[in-house]
Each structure stands twice: as structure tokens, then as C-alpha cells.
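Note that the structure is a prediction, hence the values are computed from the model and not measured. All chains are named by letter (A, B, ...) in the order of the sequence lines, taking the proteins before the strands, and each is independently numbered beginning at 1.
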Protein chains: 2
Amino acid sequence: MRTVSKPERLAYEKVTSGVLQHTTSFFHKRGFNQRLPQILSTITDTLDGDPGSAVLKSESITYLEQRLMLMQSMILHKQILIKNGVEKFFIISPNIRLENPVRRTTGKHLFEFNQVDFEVRGAKMKDIFRVMDAFIISMVNKIIETCPKELELFGRVLKPIKGPFPVYDMDELVKAHGPEWEQKLSEGAKTPFWVTSIPREFYDKADPAHEGKFLNYDLIYNGGFCEALSGGERETDFGIIMSKVRAHNLQEKPYVQAFLKLAEEGLVPSAGGGFGVERLVRYLTGAPHVGDVQMFPRVPGEPVIV
Amino acid sequence: MRTVSKPERLAYEKVTSGVLQHTTSFFHKRGFNQRLPQILSTITDTLDGDPGSAVLKSESITYLEQRLMLMQSMILHKQILIKNGVEKFFIISPNIRLENPVRRTTGKHLFEFNQVDFEVRGAKMKDIFRVMDAFIISMVNKIIETCPKELELFGRVLKPIKGPFPVYDMDELVKAHGPEWEQKLSEGAKTPFWVTSIPREFYDKADPAHEGKFLNYDLIYNGGFCEALSGGERETDFGIIMSKVRAHNLQEKPYVQAFLKLAEEGLVPSAGGGFGVERLVRYLTGAPHVGDVQMFPRVPGEPVIV
């Protein structure tokens with residue numbers, strides 16, 4: 001069982017507060033609109049059964065005869081916001097993902113966490129890289145400056161890092177390092193790094209210039225802390241979306257149907273991503289488990305006290 | 001049915017963003033820690049059946065054989081945080097309250113909304129008044145300064161206001177104006193005003209200097225927009241808490257039992273409150289209905305689109 005002392009709990013609260021303050025200030029300064037999260041919706045990404053996901057089930061409640069699901073990801077809402085004319089925005093968005101308890105000890109999974117979800121109309125992959133490089137670099141500096149006592153308590157030697165962060169193609173990483181590339185490279189790296197062209201979501205944009213490549217990306221932390229952010233340019237071509245939906249046999253999923261309806265009416269090009277707040281606090285503090293940074297832990301398979 | 005045009009929707013998003021930016025910056029500047037919200041918990045205030053509440057039911061889900069409720073209010077978590085040593089903090093906290101659909105047309109009820117919930121160790125009623133007076137006054141100035149086009153679109157003439165806001169005793173208001181005092185005075189007032197000594201929550205502090213009075217408060221907006229904030233100094237005397245719980249026959253409620261357990265171990269004096277973000281945006285913009293300010297409306301009795 002994990003143990004976190006009282007001074008450590010308060011120190012994690014302090015660092016989390018610094019992270020939220022800098023996040024808000026950073027994105028506002030760059031002209032992002034901040035919007036409120038959604039918790040209940042008729043539609044949310046249904047991760048259960050997706051390859052790579054260990055979510056046991058999507059949860060819903062019934063209110064006035066309507067079935068409302070607990071938010072797993074605001075991806076569909078983000079596309080609607082872009083379509084409705086919001087140019088660039090971010091959301092501090094609580095996500096519920098009822099993970100399989102086998103994920104208790106990965107150190108990086110929670111069944112309730114907060115994601116900073118953002119999207120920029122007309123943006124390209126490289127625009128997102130530049131925003132996030134500046135964000136992570138300035139965040140590290142901010143925490144070094146504002147939380148020296150907390151870092152000392154954790155025995156965490158946090159050093160300023162430099163960008164731009166390197167960019168790798170996923171196929172080449174797998175070829176060079178095998179399927180365990182993420183953990184291996186994360187442990188060896190001196191700075192966070194980008195990985196592009198990951199075969200996954202049907203709404204990620206196919207690279208028109210390179211057959212079989214995708215304009216999507218993950219940001220991976222150095223220090224063995226693995227995935228920081230996941231995102232992509234979004235596909236707007238209805239034919240391509242439809243063929244990917246068919247290839248993965250996703251036609252029956254309600255959120256896919258809602259997405260297809262939106263795509264049929266016409267999508268607006270955008271790019272964006274989402275990064276976990278608790279994982280960022282873990283990276284900054286070097287916490288053994290991402291649940292350690294939560295005053296009220298939400299670790300898969302650990303009972304909830306309050 | 002309410003109709004909100006596309007330019008209005010974007011203008012509400014812009015004002016909401018300004019409200020979130022100023023809220024974050026205001027509370028950080030005053031040394032408040034910002035913390036992340038909780039959505040699922042074993043315990044939350046169960047408003048169903050409480051006098052004055054029209055909540056139909058508390059909703060819960062089951063995850064790994066544990067029943068987890070959707071957050072209605074973080075009041076218990078706030079007390080635990082204070083007890084655990086967090087000095088002063090605020091949370092932008094999504095709350096789910098499945099209201100009776102009769103509240104569809106009140107203009108001020110939502111079944112999902114966001115509350116800025118805050119608490120200060122050792123604070124008195126007057127400390128909270130001073131913080132909130134400064135907050136509302138500076139917020140009005142900020143929106144006048146940063147959102148002139150949006151206010152113009154809404155035909156909203158927002159003027160700087162002055163503090164300190166007047167303070168009234170609830171008994172005297174009822175005596176002078178009858179049970180409909182809130183709507184009546186809110187419509188006539190030139191600035192927001194405070195009402196104190198409201199007979200309600202068992203955890204609100206009884207005034208030791210005045211028998212039958214309470215050290216709690218509501219902040220009421222001028223302009224007919226009614227309740228802005230609700231809060232109080234917190235009772236720490238176990239005997240007084242217990243007698244109020246018995247008087248209202250609340251012993252069986254799980255959240256009351258959790259509260260009593262906490263109180264038995266010893267509570268730490270504090271004061272705080274919570275104000276609705278969407279209601280604040282409504283006040284600033286003069287929106288006819290609080291649901292108008294939501295891009296994805298959550299009005300009791302109105303079907304959810306997405």
C-alpha cells in the first residue's frame with residue numbers, strides 16, 4: 001500500500017495549485033478561451049473495449065428518462081465548439097474512466113483525473129508542438145521558482161529544460177527499440193519528446209503527403225514518467241473517416257454515429273490535445289504513483305475513503 | 001423555448017472565459033491554493049428531501065463493488081482539507097443536482113453547474129464579506145474593460161459598483177418585506193448585498209453572542225438576479241452540531257454520519273462559501289436564463305442534445 005505523509009500531501013496540493021495557476025495564465029496569455037467542463041452528456045468517447053484501453057465500462061445515469069453518460073473525454077464536444085466558431089480554447093476537464101484494477105500498480109492510472117483539453121482551429125501539428133514545448137519549459141521553471149521547499153521535501157532535483165523537444169516517428173521507434181520503446185526511451189531521455197504517426201483514433205488526420213502516416217502525436221516525459229499528452233490534427237474528409245470507422249468496425253458505437261453525423265455536415269480543420277494534470281504534477285515532483293498527488297486518491301482497485 | 005443566437009453563444013463563452021481568468025488570478029493573488037475538483041465520492045451532501053431543495057434524487061454508480069455518488073457539494077471535503085492543514089483554497093467544482101423539472105423556468109437553476117467553492121481556516125464572516133466584495137467589484141470592472149463588444153451585443157449596461165456591500169439580518173428582512181424579500185430586494189438594489197443569520201445547515205455556526213442567530217450568509221445580486229453565494233462560519237462544537245442534527249432528524253443520512261465522525265474527532269474553525277459561475281456570468285451579461293450562458297445547456301426538464 002502507498003503511504004504519503006501529511007507534509008507530502010500538503011506539498012502536492014501546493015504544486016498542483018502552482019500548476020493550475022500557471023496553466024490558466026499561460027493559455028489565457030496566448031489568446032485561448034477558458035471554458036467550463038461537461039460531466040454528463042448523451043455522448044462521450046466509449047473507451048470500453050477499445051484496443052489499448054482497460055476501461056471496464058462506460059457509466060451512465062438516468063435523469064427524466066434520458067440516459068446521460070459520465071464524461072470520459074470531451075473530444076466530440078471540442079469538435080462541436082470549433083464548428084460553432086470558438087477559435088481556440090482550453091478546458092480543465094474531469095474525466096471518469098473506470099479502469100480495470102490490474103492498472104492499480106502502473107503508477108500512472110486513475111479512474112478519476114483531470115485533463116487540460118485544448119483545441120485550435122486551423123492549427124497544424126507543429127503549432128501544437130511549439131505551444132506545448134513552451135508550456136512544459138515554462139512550467140518547470142515556474143515550479144522550480146515557486147515551490148523550492150516542496151521539491152526539497154520530495155528530494156526532487158528539477159532542472160530547467162530546453163526546447164524544441166525532439167520529434168520521432170513511431171514506426172522508427174518500434175523498429176529500433178521494440179514494442180517497449182515508450183518506457184525505455186522515457187527513462188533514458190533528458191527532455192520530453194514527441195512521437196508522431198500513431199495508428200489509433202479514426203478522427204486523427206491521415207497524412208496526405210505520406211501514405212500510411214498520421215498527423216497525430218504523443219508527448220512523452222523524460223525520467224520514466226511516460227505519456228504526458230495525446231492529440232492530433234483532426235480528419236475532416238468524410239470518406240476517409242468512414243473508411244477508418246468501417247476498418248475498425250466502429251459503426252455501432254453511439255459516439256461514432258454522433259461523430260459521423262457531425263462529419264457529414266462538415267467539420268472544420270483543427271488540432272489539439274489533452275494532458276493529465278495529475279501526471280504533470282507527478283512529473284514535476286517525481287511522485288512514485290500518480291495517486292500520491294491526489295488528497296483523495298482515485299486509483300483503480302483501491303477503495304475510495306471519501 | 002429559449003433561443004440563443006450564434007454570436008450570443010460565442011459572447012457568453014468569451015465572458016465565461018474572462019470570469020474564469022479573473023477568478024483564478026484573484027484568488028491566487030490572495031494566497032488561496034487552487035485545487036482540483038472531485039466528481040465521484042462515497043459521500044456527498046444529499047440534497048434530496050431537504051427543505052428548500054427540489055433535487056429529485058442523488059445519483060450513484062457502482063465501480064468494483066463500491067457505490068460512488070456524483071458530487072452535489074464539496075462541503076464535507078472542504079472540512080477535511082481544512083482539518084488536514086490546507087490553510088485557504090478554492091476549487092472550480094462541477095456539481096450535479098438533478099432538479100425537479102418544475103425549476104425549468106426559474107431562470108436560475110441548472111442540473112449541472114460549476115461552483116467556485118472556497119474555505120479559509122480561522123476566518124470570520126466579515127473576512128469573507130471583504131474578500132467577496134473585492135471579488136465582485138473587480139470582476140465587474142474586469143468584464144467592462146475586457147468584454148465591451150459582448151456587453152453591447154447583449155444590450156447590457158454594466159456599471160462599476162462600490163463596496164462594502166450592505167449587510168442585513170434575515171429576520172428583519174422577512175419582517176419588513178415578507179417571505180418574498182429576496183426577489184423584491186434583489187430587483188430594487190443598486191449593488192449586491194449580504195443577508196446573514198439564515199436558519200439552515202446543521203454545520204453553520206450558531207452565534208455565541210446572540211441566541212437564535214447564525215453566523216452564515218448569502219450574497220444576493222442586484223438587478224433581480226438573486227442568490228450569488230451561500231456560505232458560513234462552520235460549527236465546531238460537537239454538542240451543538242449533534243443537537244441540530246437531532247432537531248432536524250438527519251441522523252440516518254450517510255453524509256451526516258460522516259460529518260459527525262469528523263466532528264467527533266475535532267473540527268478546525270473556518271469560514272467559506274460557494275458561488276455559481278454560470279449565475280455570475282448571467283449577472284454580468286443580463287442573460288434571461290442561466291442556461292443561456294452554457295454552450296451545452298443543462299436546464300432541468302430540457303432534453304440534453306449533446
Side-chain angles (χ1 to χ4, degrees), chain A residues 6-7 9-10 13-14 16-21 24-25 28 32-43 56-57 59-64 66 68 70-71 76-77 80-81 84-86 89 92 94-96 98 101 111-114 258 277-278 294-296 298 300-301 303-306, chain B residues 6-7 9-10 13-14 16-21 24-25 28 32-43 56-57 59-64 66 68 70-71 76-77 80-81 84-86 89 92 94-96 98 101 111-114 258 277-278 294-296 298 300-301 303-306:
Chain A
K6 194 174 155 177
R9 278 188 199 288
L10 293 176
E13 286 281 316
K14 175 86 190 297
T16 302
S17 180
V19 163
L20 292 170
Q21 180 175 23
T24 307
S25 137
H28 276 291
F32 283 75
N33 251 38
Q34 184 175 4
R35 76 176 317 280
L36 291 163
Q38 307 296 138
I39 305 300
L40 296 173
S41 177
T42 50
I43 299 285
L56 296 174
K57 54 176 177 172
E59 264 298 352
S60 65
I61 64 158
T62 302
Y63 170 52
L64 302 174
Q66 202 171 17
L68 299 174
L70 290 178
M71 192 59 70
L76 186 74
H77 293 82
I80 295 171
L81 285 158
N84 286 1
V86 190
F89 58 89
I92 303 172
N95 284 194
I96 307 291
L98 301 179
F111 67 85
E112 177 179 326
F113 68 97
N114 292 270
V277 178
E278 293 87 347
Q294 296 180 304
M295 183 75 88
F296 307 106
R298 297 293 184 260
V304 172
I305 307 305
V306 71
Chain B
K6 194 174 156 177
R9 279 190 199 286
L10 292 176
E13 286 281 317
K14 174 86 192 295
T16 302
S17 179
V19 163
L20 292 170
Q21 180 176 24
T24 307
S25 133
H28 276 290
F32 283 74
N33 251 39
Q34 183 175 4
R35 76 177 316 279
L36 291 164
Q38 307 296 136
I39 306 299
L40 296 173
S41 177
T42 50
I43 299 284
L56 296 175
K57 54 175 178 174
E59 265 299 353
S60 64
I61 63 157
T62 302
Y63 170 53
L64 303 174
Q66 203 172 15
L68 299 174
L70 290 178
M71 192 59 70
L76 187 74
H77 293 82
I80 295 171
L81 285 159
N84 286 1
V86 190
F89 57 89
I92 302 173
N95 283 194
I96 308 291
L98 301 178
F111 67 85
E112 177 178 324
F113 68 97
N114 292 269
V277 178
E278 292 87 348
Q294 296 181 304
M295 183 75 89
F296 307 106
R298 297 292 183 261
V304 172
I305 308 304
V306 71

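Applying the side-chain hydrogen bond (donor to acceptor under 3.5 Å, both in side chains) test to A/Gln294 and every residue at least two apart in sequence or in another chain returns nothing. When the side chain to side chain contact (heavy atoms under 4.5 Å, CB included) test is applied to A/Ser41, the partners found at least two apart in sequence or on another chain are A/Ile43, A/Met71, A/His77, B/Arg298, B/Val306.
Each of A/Val19, A/Leu36, A/Ile80, A/Leu81 has some count of heavy-atom pairs under 4.5 Å with chain B, and the biggest count is that of A/Leu36. Interface summary for chain A: among B/Val277, B/Asn84, B/Thr24, the most heavy-atom pairs under 4.5 angstrom belong to B/Asn84. Per-residue heavy-atom pair counts under 4.5 Å with chain A were compared for B/Pro300, B/Ala258, B/Gly18, B/Ser25, and the maximum is reached by B/Pro300. Of the residues considered (B/Met295, B/His28, B/Lys57), B/His28 shows the highest number of contacts with chain A, using heavy-atom pairs under 4.5 Å. Put simply, of B/Leu56, B/Leu76, B/Leu70, the one with the most heavy-atom pairs under 4.5 Å next to chain A is B/Leu70. For chain A, the option among B/Thr16, B/Ile96, B/Leu20, B/Ile92 with the highest count of heavy-atom pairs below 4.5 Å is B/Leu20. Considering only heavy-atom pairs separated by less than 4.5 Å from chain A, the leading option among B/Glu278, B/Lys6, B/Arg9, B/Gln38 is B/Gln38.
B/Glu59 and A/Thr62 make their closest contact through OE2-O, 3.5 Å (heavy atoms, listed as atom of the first residue, atom of the second, distance). The two atoms that bring A/Gln21 and B/Gln34 nearest to each other are N-OE1, 4.0 Å, heavy atoms only. Closest approach of A/Leu64 to B/Gly301, counting heavy atoms only: CD1-N, 3.5 Å. Closest approach of A/Pro94 to B/Ile39, counting heavy atoms only: CB-CG1, 3.6 Å.
Within the 3.5 Å criterion, the main-chain N or O of B/Ile305 finds a donor-acceptor partner in the side chain of A/Thr42. Remark: side-chain polar atoms of A/Glu13 are not paired, donor with acceptor, to backbone N or O of B/Val86 under 3.5 angstrom.
Only the side chain of A/Asn114 comes within contact range of chain B, with at least one heavy atom under 4.5 Å from a heavy atom of that chain. Interface residue A/Leu98: backbone and side-chain heavy atoms are both found under 4.5 Å from chain B.
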Q.
Could you go through A/Leu40 and B/Phe111, starting from their C-alpha distance and side-chain angles, then the distance that decides it, and tell me whether this counts as side-chain contact (heavy atoms from CB on, under 4.5 Å)?
A. CA-CA 10 Å; A/Leu40 296 173; B/Phe111 67 85; 4.3 Å; yes
